[in-house]
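These notes concern the structure reproduced below.
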Amino acid sequence: MKKLVVGVSALATLGMVIFIGNTAHADTTKVEYSVESDYTLVFPQSVNLLHDNVTEMSVKTINRNLEPEKEVEIRLTSGLKADGEIELERTGATSDKLTSSIKSNGTSVTVANPVIGSFTGYAMAETEVSKIEFGIPQGEKLAGSYSTTLVFGASYK
């Protein structure tokens, strides 16, 4: 009887070792959650240039949530006539033109580098990214309306 009890005890101990050994080698589980970068750019639909002073325009973001070390760069992709200059055409007479200077944050916007601003990080409130300044229109100011279209683009880097 004593041998039977020792044999059962030994078998039970062996079973525990095997059971404990199996749980000690469990795999790991990685739990993940991902949120994609997001932002909204805010541009005015139109700007009326002043005849006697610089005109300002703000480019803003709202609901900005970018990944760490990522950046959004905003460029003037169309509408620049020359370095630091835009050209406005007279409605009904396309040969009549006025020019205006254009600066971003106090620096002339150039053809070679038309970047007007960039931003990173997180900001839910409306936040200014760039202040665009248009100079007083120059040229022969004939009666009528003058306009041009500026096109902006953004790249996520």
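The structure presented is a predicted model; accordingly, all values stated were derived computationally and were not measured.
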Original post:
So, does Ser101 use its side chain to make a donor-acceptor pair with the main chain of Gly84 at under 3.5 Å?
Top reply: no

Original post:
Given the rule that I, L, V, M, F, W and Y join up when any side-chain heavy atoms are under 4.5 Å apart, are Val109 and Leu150 in one cluster?
Top reply: yes

**OP:** Compare all side-chain heavy atoms of Glu36 with those of Asp38 and state whether any distance is below 4.5 angstrom.
**Re:** no

Subject >> pair Phe134-Leu50: side-chain heavy atoms closer than 4.5 Å >> reply: no

Original post:
With distance as the sole test, does Asn105 use its side chain to make a donor-acceptor pair with the main-chain N or O of Lys131 at under 3.5 Å?
Top reply: yes

**OP:** Check each of Val42, Leu41, Thr127 against Ile62 using the side-chain contact (heavy atoms from CB on, under 4.5 Å) test, and report the only one that passes.
**Re:** Val42

Original post:
Can you tell me if Thr110 uses its side chain to pair, donor with acceptor, with the backbone of Asp83 under 3.5 Å?
Top reply: no

Original post:
Does any non-hydrogen side-chain atom of Tyr156 lie less than 4.5 Å from one of Ser37?
Top reply: yes

Original post:
Taking the side chain from Ser104 and the backbone from Ile116, do they hold a donor-acceptor pair closer than 3.5 Å?
Top reply: yes

**OP:** Check step by step if side chain to side chain contact (heavy atoms under 4.5 Å, CB included) holds for Lys81 and Ile86.
**Re:** CA-CA 5 Å; Lys81 171 72 174 160; Ile86 60 171; 5.6 Å; no

**OP:** Work out which heavy atom in Ser118 is nearest to a heavy atom in Glu73; give both atom names and the distance.
**Re:** CB-CA, 4.0 Å

Original post:
Any donor and acceptor pair, going by atom type alone, linking the side chain of Glu87 with main-chain N or O of Glu85 inside 3.5 Å?
Top reply: no

Original post:
Roughly how far, to the nearest 0.5 Å, is the CZ atom of Arg64 from the OG1 atom of Thr40?
Top reply: 11.0 Å

Original post:
With distance as the sole criterion, is a donor-acceptor pair present between the side chains of Ser145 and Thr91 under 3.5 Å?
Top reply: no

Original post:
So do Met124 and Asn63 actually touch side chain to side chain, heavy atoms under 4.5 Å?
Top reply: yes

Original post:
Just by modelled atom types, is the Lys141 backbone N or O under 3.5 Å from a matching donor or acceptor in the Arg90 side chain?
Top reply: no

**OP:** Give a yes or no on this: more than 12 heavy atoms of other residues, nucleotides or ligands lie within 6.0 Å of atom CG of Asn113.
**Re:** yes

Subject >> Minimum heavy-atom distance Ser130-Gly117, with the two atoms named >> reply: CB-CA, 4.5 Å

Original post:
Which value, rounded to the nearest 0.5 Å, describes the distance between His51 atom NE2 and Ile136 atom CD1?
Top reply: 8.5 Å

**OP:** Determine, for Glu89 against Lys97, whether the closest basic-nitrogen to carboxylate-oxygen distance falls under 4.0 angstrom.
**Re:** yes

**OP:** Flag yes if Met57 and Leu76 sit in one hydrophobic cluster, no otherwise; membership is Ile, Leu, Val, Met, Phe, Trp, Tyr, and two members link when side-chain heavy atoms are under 4.5 Å apart.
**Re:** yes

Original post:
Does the side chain to side chain contact (heavy atoms under 4.5 Å, CB included) test come out yes or no for Ile102 and Ile132, once each step is laid out?
Top reply: CA-CA 7 Å; Ile102 181 170; Ile132 307 290; 3.8 Å; yes

**OP:** Kindly indicate whether the side chain of Glu56, heavy atoms from C-beta on, has any atom under 4.5 Å from the side chain of Val47.
**Re:** no

**OP:** Mind telling me whether Phe43 and Phe152 have parallel, tilted or perpendicular rings, with 30° and 60° as the class edges?
**Re:** parallel

Original post:
Just how far is it from atom CG of Leu98 to atom OH of Tyr146, taken to the nearest 0.5 Å?
Top reply: 4.5 Å

Original post:
Do you know the tightest heavy-atom contact between Val129 and Ile74?
Top reply: CG1-CD1, 3.8 Å

Original post:
In terms of hydrophobic clusters joined by side-chain contacts under 4.5 Å, are Leu88 and Leu142 together?
Top reply: yes

Subject >> Check: Val151 main-chain N/O paired with Thr77 side-chain donor or acceptor under 3.5 Å >> reply: yes

